[in-house]
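Along the sequence shown, residues carry numbers from 1.
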Amino acid sequence: MVDLAPWATPVLKRSIRHSLRSGLGGMWVRGSLPAGGAVLAPNHNSWWDGYVLRELAWWAGADFRVLMTARQLGRFPFLRRMGALEAGHVREAARSAREGAWVAVFPEGAVQPPGPLAELHPGAAWIARTAGVPLIPVALRVVMRGGQWPEAYLRIGKATTDLSAALAHELNLLDAELASSDPEQPLAGYLRVMRGRTSGTETVDWPARLLTLITGDR
């Protein structure tokens, strides 16, 4: 099929990356990324989750697919250019994983309130089993901490056949790390994938310096 708008794909990629860099304070990852085809199965608690996974794949140089509901894809059909597949197209997803792509499947099915996992759907495990690729649990939190902008953290688990237990385990570890860390510092042991927007607390801009000079406050 001839692409009638070849310019749209690079424009959309720049738009997504700009959204991430202007809307988040950064993005960090911990754990071993799959070297070939795999099904990534993250929890789903924020609007940012799909973009964060897409950025991780760009950073790693991995081919990428993500399952979306028919309603979402109907509203944003251009996201097919970024690897989006309709949720019912599981055979196409399995074929992509078999051919070496990362296929992201949100097993909770929809955005959930932060907290324990909702009941998981079987699609992620079915795709991994059908494609013969690893099923990877991914704990994902986009959280407000000590800065002005939310931060994204991903904890990549080991391949599993018990997704519910493995994903809950990784999510509990990530939540414990967030709860026990200095909120003004990135989590220890995590690699920065993306430098995001700088908080006002991290820089003293010229208006602040001028006001300090005028008032004499020290």
Checklist entry - Can you hop from Ile136 to Phe64 via hydrophobic side chains spaced under 4.5 Å? => result yes
Item to check | Arg91 and Thr130 side chains, donor-acceptor separation under 3.5 Å | outcome: no
Checklist entry - What is the minimum heavy-atom distance between Val142 and Ser46, and which atoms define it? => result CG2-OG, 3.5 Å
Checklist entry - Is there a path of hydrophobic side-chain contacts, each under 4.5 Å between heavy atoms of I, L, V, M, F, W or Y residues, that connects Phe76 with Trp48? => result yes
Checklist entry - Side-chain contact, heavy-atom cut-off 4.5 Å: Val52 with Glu55? => result no
Checklist entry - Going hydrophobic residue to hydrophobic residue with side-chain gaps under 4.5 angstrom, can you get from Leu85 over to Tyr51? => result no
Next on the checklist: Whether the side chain of Thr160 engages the backbone of Asp162 through a donor-acceptor N/O pair (distance < 3.5 Å, no angle test) should be reported.
Outcome noted: yes
Next on the checklist: What I'd like to find out is whether the side chain of Ile16 reaches to under 4.5 Å of the side chain of Leu12, using heavy atoms alone.
Outcome noted: yes
Checklist entry - Do the side chains of Trp58 and Met82 get nearer than 4.5 Å, heavy atoms only? => result yes
Checklist entry - Hey, is the main chain of Asp182 close enough, under 3.5 Å, to the side chain of Arg145 for a donor-acceptor pair? => result yes
Item to check | Within one Ile-Leu-Val-Met-Phe-Trp-Tyr cluster: Leu154 and Trp47, side-chain cutoff 4.5 Å | outcome: yes
Item to check | From Leu171 atom CG to Asp175 atom CG, the distance as rounded to the nearest 0.5 Å | outcome: 4.5 Å
Checklist outcome for this item: Scanning both residues in full, the closest heavy-atom pair of Ala166 with Pro137 reads CB-CG, 3.9 Å
Item to check | Side-chain heavy-atom pair Lys13, Arg54 within 4.5 angstrom cut-off | outcome: no
Checklist entry - Between atom CD of Glu86 and atom CD of Gln72, what is the distance when rounded to the nearest 0.5 Å? => result 11.0 Å
Checklist entry - With hydrophobic residues grouped by side-chain heavy-atom distances under 4.5 Å, do Val39 and Val138 end up in a single group? => result no
Next on the checklist: Using side-chain heavy atoms (C-beta onward) and a distance below 4.5 Å, is Arg141 in contact with Leu178?
Outcome noted: yes
Checklist entry - For the atom pair CG (Leu167) and CG (Leu120), what is the distance rounded to the nearest 0.5 Å? => result 6.5 Å
Checklist entry - When you check the side-chain N and O atoms of Ser22 and Arg197, is any donor under 3.5 Å from an acceptor? => result no
Which pairs would a plain distance check flag for residues 99-119, meaning a side-chain donor or acceptor within less than 3.5 Å of a matching protein atom at least two apart in sequence or in another chain?
residue	atom	partner	partner atom	Å
Trp102	NE1	Pro34	O	3.4
Trp102	NE1	Gly36	O	3.4
Glu108	OE1	His44	N	2.8
Glu108	OE2	Ala118	N	2.9
Gln112	NE2	Ala110	O	3.3

Checklist entry - Heavy-atom distance under 4.5 Å between the side chains of Asn45 and Asn43, does that happen here? => result yes
Checklist entry - Under a 4.5 Å cut-off applied to non-hydrogen side-chain atoms, are His169 and Asn172 in contact? => result no
Item to check | Atom of Leu24, atom of Met194 and distance for their closest heavy-atom approach | outcome: CB-CE, 4.2 Å
Item to check | Residue pair Arg14, Arg17: steps toward the side-chain contact (heavy atoms from CB on, under 4.5 Å) verdict | outcome: CA-CA 5 Å; Arg14 285 196 296 271; Arg17 303 193 92 175; 6.0 Å; no
Next on the checklist: Tyr153: which residues meet the ring-ring contact (aromatic ring centres under 6.0 Å, His included) condition with it, sequence neighbours left out?
Outcome noted: Trp28, Tyr190
Next on the checklist: Within the 4.5 Å heavy-atom criterion, are Leu191 and Arg30 side-chain neighbours or not?
Outcome noted: no
Checklist outcome for this item: All heavy atoms of Ile127 vs all of Ala93, minimum pair found to be CD1-CB, 3.9 Å
